[in-house]
Amino acid sequence: MANIATLNLDGKEIPLPVIVGSEGEKAIDINKLRGDTGYITYDDGFGNTGSCLSKITFIDGEVGILRYRGYPIEQLAEKSNFIETSLLVMNGELPTPDQRSAFSALLTKHAPLRQDLMRFIESFPTGAHPMAILSATMNALGAYHPHLASNNHQADLQHFDEAAAIAISKVRTIAACSYRASRGLPFNHPNPKLGYCENFLHMMFSDPYADFVPTPEVASALNLFLLLHADHEQNCSTSTVRMVASAGANVFASVSAGVNALWGPLHGGANMAVIEMLKNIHADRDDGTRFIAAAKSGKGDRLMGFGHRVYKNYDPRAKIIKASFYKALASLGIKDDPLLNIAMKLEECALNDDYFVQRKLYPNVDFYSGLIMRALGIPENMFTVMFALGRMPGWIAQWREVAANSKLKIYRPRQVYVGEPMRNFVPANLRK
Ligand code: CMC
């Protein structure tokens with residue numbers, strides 16, 4: 001196979017190295033193109049740009065493959081759990097039992113928030129969006145742990161395990177507190193006896209007179225939801241984390257930037273959009289038939305939770321989460337929910353409709369995760385926060401990969417300037 005591509009430019013042949021990834025993905029290395037020729041490449045939205053070499057996650061969207069560190073998502077979903085998978089994603093290998101218990105001990109140690117950090121969260125106005133609280137508080141963690149956030153990658157990497165445990169443990173406490181703050185409710189302290197997901201649900205929903213105890217199916221659905229979101233290679237928030245990290249920023253500042261990117265409705269908001277769509281269909285007294293017809297005609301809204309930029313086959317995460325969703329519903333005794341009935345009708349219609357089949361529009365993970373969140377009683381403005389909880393180990397792993405790169409260059413894309421050419425300043429009295 002040729003390992004050189006040739007670009008014919010201004011009558012000259014420019015050799016460009018071809019890089020082949022471990023799964024056979026091919027890329028043309030244009031690192032020296034500008035220096036050699038003065039040309040840059042143009043790729044609006046980076047859809048065709050490999051921004052880095054990464055060892056963390058492999059996706060083949062045509063076939064519907066997702067692997068963390070080489071392990072298929074199906075195997076991890078069946079045999080692992082969120083915390084073990086987080087360690088895999090962040091460290092590159094599945095943890096030994098000793099590594100696993102050491103990390104659990106760190107998670108327990110770091111679960112509570114300091115009183116002043118809780119006051120910081122309380123200082124947000126009631127009704128503040130939990131994503132605003134989450135990103136601000138994740139960033140503030142750097143101020144509370146300056147020895148882990150020196151903005152010197154080599155120094156920060158020395159304390160990686162502690163910083164990772166703080167981020168993964170505290171993001172859960174901060175998320176629960178942000179929900180309670182946004183409702184004006186008192187905070188619940190973490191319970192060291194509970195597992196990661198049970199503890200989160202306790203901090204969200206317990207009240208002084210009754211501990212919230214989820215069914216095992218609900219805890220397991222949440223675990224799976226988080227595991228399935230642990231990483232997804234170079235999406236918008238992950239690229240943001242890497243961009244910020246490339247400037248030398250510490251892990252807390254970098255993941256906080258990731259939270260902000262995720263907040264955007266085009267990225268982390270799709271699961272919420274699914275529920276909004278179902279509510280609108282219900283309010284219109286439609287069973288989904290009219291909505292689908294309008295979506296197909298191009299005059300109506302798109303079917304939220306269907307289609308994916310990368311997966312042109314069934315989103316592998318959607319298949320896994322669907323089964324767990326039904327188990328959680330059964331354990332909660334939810335049978336005849338109007339929004340659920342509409343969702344099932346939409347799914348059935350789309351899977352059997354030529355329009356969707358020809359365009360390879362299958363349900364994506366957000367279709368079911370929105371429904372799961374709703375069944376768990378998680379309010380819609382917390383859906384993106386839940387996504388951030390799951391994505392935290394991925395962001396941390398990506399930060400680590402950037403920070404540990406001995407040949408790191410600050411990320412600095414170029415542009416093609418299409419504004420005004422050079423012109424002379426116009427005095428105020430002559431401006432039209
Ligand atoms: N409903 C109806 N038609 C659709 C949909 C949809 N959900 N998605 C794409 N199409 C049509 C689109 O109108 C176009 O038709 P035509 O060829 O006749 O013009 C064709 O399918 C291709 O559309 P596209 O926009 O070029 O496809 P894309 O791969 O760029 O878009 C997408 C991917 C996810 C933005 C899109 O499918 C969509 O808007 N889906 C709904 C929103 C959603 O569920 N987003 C969550 C994605 S998963 C997020 C994550 O993993 O982080």
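The basis for the numbers below is simple: all heavy atoms, side chains too, and nothing from hydrogens, waters or symmetry mates. Read the numbers this way: they start at 1 and go in the same order the structure lists the ligands and their atoms.
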Under 4.0 Å to a heavy atom of [X] - the qualifying atoms of ligand 1, by number:
{"X": "Arg317", "result": "51 (O)"}
{"X": "Ala270", "result": "45 (N), 46 (C)"}
{"X": "Gly305", "result": "43 (C), 44 (O)"}
{"X": "Gly307", "result": "34 (C), 37 (O)"}

Are side-chain N/O atoms of [X] and [Y] paired as donor and acceptor at under 3.5 Å?
{"X": "Asn235", "Y": "Ser237", "answer": "yes"}
{"X": "Asn151", "Y": "Asn250", "answer": "yes"}
{"X": "Tyr411", "Y": "Arg242", "answer": "yes"}
{"X": "Asp231", "Y": "Gln398", "answer": "yes"}
{"X": "Glu84", "Y": "Ser80", "answer": "yes"}
{"X": "Asn188", "Y": "Ser206", "answer": "no"}
{"X": "Arg400", "Y": "Asn91", "answer": "yes"}
{"X": "Glu233", "Y": "Ser54", "answer": "no"}

What protein heavy atom is closest to [atom], reported as residue, atom name and distance in Å?
{"atom": "atom 28 (P) of ligand 1", "value": "Arg309 NE, 3.6 Å"}
{"atom": "atom 41 (C) of ligand 1", "value": "Phe306 O, 3.4 Å"}
{"atom": "atom 1 (N) of ligand 1", "value": "Leu303 N, 3.0 Å"}
{"atom": "atom 49 (C) of ligand 1", "value": "Asp366 OD2, 3.3 Å"}
{"atom": "atom 32 (C) of ligand 1", "value": "Arg302 NH1, 4.3 Å"}
{"atom": "atom 50 (C) of ligand 1", "value": "His308 NE2, 3.7 Å"}
{"atom": "atom 8 (N) of ligand 1", "value": "Leu361 CD2, 3.5 Å"}

**Request:** Return yes when Met277 approaches ligand 1 closer than 4.0 angstrom through a heavy atom, no otherwise.
**Result:** no

Which side-chain N or O atoms in residues 167-176 pair as donor and acceptor under 3.5 Å with protein atoms at least two apart or in another chain?
residue, atom, partner, partner atom, Å
Ser169, OG, Leu107, O, 2.6
Ser169, OG, Ala111, N, 3.4
Ser169, OG, Arg172, NH2, 3.1
Lys170, NZ, His110, O, 2.7
Lys170, NZ, Pro112, O, 2.7
Arg172, NH1, Tyr196, O, 3.4
Thr173, OG1, Ala111, O, 2.6
Thr173, OG1, Ser169, O, 3.4

Nearest neighbour of [atom] from the list [options], on a heavy-atom basis:
{"atom": "atom 47 (C) of ligand 1", "options": "Val274, Asn364, Leu262", "answer": "Asn364"}
{"atom": "atom 27 (O) of ligand 1", "options": "Lys312, Met304, Arg359, His229", "answer": "Lys312"}
{"atom": "atom 11 (C) of ligand 1", "options": "Phe387, Phe356, Tyr355", "answer": "Tyr355"}

**Asked** Would you call Met277 and Arg302 a side-chain contact if the rule is heavy atoms closer than 4.5 Å?
**Response** no

**Request:** Evaluate the 4.0 Å heavy atom contact test for atom 19 (O) of ligand 1: does a protein atom fall under the cut-off?
**Result:** no

